[in-house]
Amino acid sequence: MTDTIAENTELAERDANEKYHGLTHAEIDQLGAELDALRLRVLADLGEPDAEYLRKVVKAQRSFEIAGRALFYLPPAWPLAVASLSVSKILDNMEIGHNVMHGQYDWMGDPAFNSRQFDWDTMAPAENWKYGHNYMHHTYTNIVGKDRDVGYGILRMDEDQKWNPYYLGNPLWAFLLMTFFEWGVALHDLETEEVFAGRRKMFGGENAPVWRRIRKKMGKQVLKDYVLFPALTGPFFLSTLAGNFTANIIRNIWTFNIIFCGHFPAGVATFTEEETENETRGQWYLRQMLGSANITGSKLMHVMSGNLSHQIEHHLFPDIPARRYPEMAVEVQEICERYGLPYNKGPLPKQLFSVFRKIVRLSFPGGTSKAAPVRGTQAVTDDSLAA
Amino acid sequence: MSALISEPAAPTTRTRGGLPSPLSTLLRSRVVGALASPHGVDRYLERFNPMWAAHDVRARIVSVHRETDGDAPVATLTLQPTSTWRGHQAGQHVLVGVEIPGVAKRYTRAFSISSAASGKGERFTLTIRAHDEGQVSSYLVRQAKAGQVLHLSQAQGEFTLVESPATPTISRLLFVTGGSGITPAMSMIRTLLRDGYQRDGVAHAGRKVTFLHFARSAEDQIFAEELAEIAAADNGIDVHLRYGDQVFSEFELRRLVPDYKNTDTWLCGPPGLVELVQAAYGDDGDRLRMEFFKPSVARAARPGEEVEGDIAFTRSGKSVAASGASILEQAEELGLKPEFGCRMGICFSCTRTKTAGTVRNILTGEESAVPDEEVRICVTAAAGDCHIDL
């Protein structure tokens with residue numbers, strides 16, 4: 001008799017927890033404990049190889065940068081110069097900047113790799129970005145209305161975002177954001193959707209210090225890439241300027257594509273503020289897992305994406321050095337299988353196609369139901385999508 | 001009378017490290033800074049040679065000389081700094097950053113400079129005692145080798161040999177030191193002898209100096225030979241060395257320097273000695289300058305034990321008994337409003353410096369008593385007395 005009641009209560013709980021794939025509270029707590037244990041194990045193991053790896057990547061990035069800047073003196077080597085500078089900027093922003101500013105290497109005690117002191121070779125000033133990204137995005141991941149990275153305030157990337165005719169331009173806005181991504185990321189911190197809603201001033205009030213930092217950083221980046229370095233190459237001023245511009249665009253396109261594959265492929269769950277009220281640590285972990293997607297690929301792909309190709313692991317363990325994500329992914333995937341949870345991964349072209357399909361579909365009224373299974377109710381994995 | 005040493009006289013040997021001066025001026029220019037933005041020119045220079053720097057200060061270890069052996073051995077490290085080193089005044093200290101092999105972490109500690117005042121880019125020495133609990137001092141004394149590169153700050157500290165505002169020309173100086181507190185005083189004595197005047201071929205301090213030092217034992221005495229030479233020469237300096245049970249007494253000080261309260265005095269040593277000397281000067285301590293060793297506040301509770309201790313928020317001057325709650329929560333209870341974000345240890349918004357004491361990471365249970373350590377106060381609790389820069 002008591003057993004039946006307990007069973008019924010558990011069944012009711014599983015129903016109520018549809019969002020969490022029918023896991024009970026106890027199971028979610030257990031899942032959280034397993035992920036905590038994994039986290040502690042890797043944290044305790046951090047040391048020389050991690051520090052050496054970071055120094056190696058930084059050394060490579062500086063070499064690519066110096067080579068790129070120097071090759072502009074040799075006009076026939078222009079494509080090589082652009083390629084070299086693009087690689088430098090991609091490494092700087094992804095495997096170094098993004099990860100260092102997450103505090104992944106603070107434990108080294110080296111001011112050059114300290115999250116409070118590092119700044120990256122892109123328009124967005126470190127301080128603004130860390131607030132919007134490390135705090136807002138990583139804490140409230142995929143909570144529509146709270147995570148400002150859902151559509152970045154300019155795109156409709158979730159059916160819960162109310163449609164209006166502006167979103168007919170969704171593909172065009174996305175294309176423009178991709179091309180000028182670094183400018184978009186920098187301006188993102190002005191929270192323009194709040195400005196248009198009349199809740200804050202664009203450049204005044206609480207936005208004043210944010211805007212001051214953006215202006216200062218943009219000034220420095222423009223001065224360096226579009227005035228000083230071109231001027232240093234004398235007669236080749238215009239070709240250097242064009243080269244720097246191209247390298248910035250290449251970096252923009254690459255980073256945009258990697259980042260959009262992190263949370264927007266079909267099958268990635270979003271959440272409402274009500275659903276995530278009084279969330280436990282286990283539920284937070286679960287939201288991070290269900291709200292992120294990985295990209296499969298070669299080791300080079302992982303390095304060039306700053307291991308954001310392991311977005312799931314990054315969201316579970318944002319302060320652990322990203323080079324550890326591949327080894328952690330094996331265990332996370334095993335945990336997902338045991339708990340019957342989806343683990344969203346796929347090669348870059350597949351994930352990208354899924355994202356672009358969503359961008360186009362959501363430019364029209366309605367939802368994603370035709371393009372993807374209903375959120376949270378079906379385990380979408382690599383295999384089930386491929387089937 | 002020769003003037004006191006605010007400006008060190010030109011030394012006889014000028015050995016410099018790193019970049020030649022005109023190049024380093026160029027590298028410090030605004031244009032180069034703009035080109036190297038946002039990382040700074042030093043992040044590129046270090047790629048080629050660790051001794052090339054435009055802003056950072058580093059030094060190559062030239063030699064390591066063992067001063068004393070025993071449980072807590074002492075060594076003197078001679079350092080060749082980069083050309084960015086601005087020099088030091090006698091009595092100042094420097095922050096030294098060391099990457100200890102194996103752990104891949106850089107630890108930064110302050111050490112007093114033992115050599116005479118240095119100029120820009122000039123060599124200087126650190127004299128360091130290896131403490132059991134001191135990872136950095138132990139490493140530098142026992143394992144550091146010539147050729148290694150250390151990270152430095154510029155020289156800092158107000159405990160220096162400058163003219164007293166009360167007396168335009170100081171005619172008499174008194175040094176009271178204990179243990180490795182002798183180091184800054186040694187720098188001052190060496191500076192006085194170097195920059196004083198020569199009488200019959202002997203360096204003279206140019207004024208009357210009394211040097212009173214307390215060491216655990218004669219074997220433990222740093223600079224023993226040099227002190228004996230200084231004591232023997234007719235150079236204006238009286239050296240008084242006291243060992244073991246011969247603790248400081250006001251009676252003895254009065255016998256050595258009857259008018260000590262009106263004498264410019266430099267005091268550096270362990271807390272016990274500092275307390276005794278301070279008491280001897282009482283309220284007439286205008287001429288007494290002091291340098292403390294970092295107070296040790298490491299009364300940590302064992303895991304599971306009740307936490308005993310106070311959290312001192314050094315910037316706001318407030319303090320609270322440690323409760324086991326996060327430092328962020330405890331600060332907020334006091335009405336402080338430190339910056340925070342996720343409150344779960346992932347966003348690093350609330351990172352603050354713990355200047356001293358022991359804390360426990362709430363997530364990992366790991367305890368740490370390292371001074372000047374950055375901690376995320378939302379997931380860190382006090383595990384004993386601790387000081388937070390807040």
Side-chain angles (χ1 to χ4, degrees), chain A residues 36 39-40 43-44 46-52 54-55 58-59 61-63 65-66 69 92 97 101-103 106-116 118-122 125-126 130-131 133-140 217 220-221 223-224 227-229 232 281 284 315 317-319, chain B residues 29-48 55-56 95 97-109 135-136 151 153 339-353 361-366 368 370 372-376 378-379:
Chain A
D36 269 337
R39 184 191 142 76
L40 290 187
L43 264 185
L46 293 182
E48 200 84 68
D50 303 277
E52 232 165 72
L54 178 66
R55 294 212 166 94
V58 168
K59 200 172 170 187
Q61 181 266 319
R62 303 280 143 80
S63 306
E65 184 176 1
I66 292 167
R69 304 282 186 199
D92 179 282
M101 292 194 312
H102 256 293
D106 276 13
W107 55 271
M108 283 171 63
D110 186 336
F113 304 126
N114 182 289
S115 61
R116 292 205 285 176
F118 194 89
D119 202 352
W120 51 359
D121 184 9
T122 181
K130 278 184 286 186
Y131 175 82
H133 183 83
N134 289 1
Y135 169 37
M136 298 303 283
H137 170 57
H138 272 273
T139 310
Y140 304 116
K217 182 76 189 287
K220 284 181 172 178
Q221 290 294 103
L223 178 69
K224 171 177 78 159
V227 181
L228 291 180
F229 274 113
L232 268 185
R281 186 164 173 85
W284 181 86
H315 265 269
F317 315 109
D319 58 339
Chain B
S29 68
R30 288 182 63 177
V31 176
V32 172
L35 288 169
S37 164
H39 301 307
V41 66
D42 282 332
R43 299 284 80 77
Y44 296 88
L45 292 174
E46 70 188 359
R47 167 147 185 4
F48 299 100
H55 304 278
D56 289 358
L95 300 178
V98 190
E99 264 117 34
I100 296 183
V103 287
K105 285 182 200 177
R106 186 190 297 182
Y107 294 93
T108 303
R109 298 285 181 280
Q135 259 175 310
V136 177
H151 303 271
S153 67
E339 191 189 336
F340 66 87
C342 66
R343 300 185 81 99
M344 58 188 296
I346 59 163
C347 80
F348 289 70
S349 303
C350 67
T351 304
R352 290 280 163 172
T353 305
N361 184 316
I362 294 171
L363 299 179
T364 64
E366 199 182 337
S368 171
V370 178
D372 294 322
E373 179 186 34
E374 291 194 340
V375 294
R376 285 166 273 173
C378 70
V379 290

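Given the structure is predicted, the values throughout are model-derived calculations rather than measurements. Lettering follows sequence order; numbering is per chain, from 1.
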Under 4.5 Å from a heavy atom of chain B, the part of [X] involved:
{"X": "L40(A)", "answer": "side chain"}
{"X": "Y131(A)", "answer": "neither"}
{"X": "D50(A)", "answer": "neither"}
{"X": "R116(A)", "answer": "side chain"}
{"X": "D92(A)", "answer": "side chain"}
{"X": "K59(A)", "answer": "both"}
{"X": "W120(A)", "answer": "backbone"}
{"X": "I66(A)", "answer": "side chain"}

Sort E99(B) into side chain, backbone, both or neither according to what part of it lies under 4.5 angstrom from a heavy atom of chain A.
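For E99(B), the side chain is the part near chain A, not the backbone.
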Go through the atoms of T351(B) and report whether side chain, backbone, both or neither lie under 4.5 Å from a heavy atom of chain A.
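Interface part for T351(B): both.
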Counting only heavy atoms not in E366(B), do more than 12 fall under 6.0 Å of its CD?
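No, CD of E366(B) has 12 or fewer neighbouring heavy atoms, counting only those of other groups under 6.0 Å.
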Strictly distance-based, threshold 3.5 Å: is any side-chain N or O of K217(A) a donor or acceptor partner for the main-chain N or O of T122(A)?
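Answer holds: yes.
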Any donor and acceptor pair, going by atom type alone, linking the side chain of N134(A) with main-chain N or O of M101(A) inside 3.5 Å?
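Looks like yes, one N/O pair under 3.5 Å.
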I'd like to check E65(A) versus R47(B) (side-chain heavy atoms, cut-off strictly below 4.5 Å). Are they in contact?
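With C-beta onward as the side chain, the pair stays apart.
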Among L35(B), I346(B), V31(B), which residue forms the greatest number of heavy-atom pairs with chain A at distances under 4.5 Å?
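Sorted descending by pairs with chain A, the first entry is L35(B).
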Looking at A34(B), A104(B), G345(B), which one has more heavy-atom pairs under 4.5 Å with chain A than the rest?
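The candidate making the most pairs under 4.5 Å is A104(B).
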Excluding sequence neighbours, so at least two apart, what forms side chain to side chain donor-acceptor pair (under 3.5 Å) with K224(A)?
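Testing K224(A) for side chain to side chain donor-acceptor pair (under 3.5 Å), a comparison that skips the adjacent residues, returns D121(A).
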Please determine if R376(B) and D106(A) form a salt bridge, counting it only when a charged side-chain N lies under 4.0 Å from a carboxylate O.
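Not counted as a salt bridge, because no side-chain N and carboxylate O are separated by less than 4.0 Å.
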Where D119(A) and P38(B) come nearest, the two heavy atoms and their spacing
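Reported closest heavy-atom pair: O-CG, 3.7 Å.
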Classify the angle between the aromatic ring planes of H39(B) and F118(A) as parallel (below 30°), tilted (30 to 60°) or perpendicular (above 60°).
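If you compare the ring of H39(B) with that of F118(A), the planes turn out tilted.
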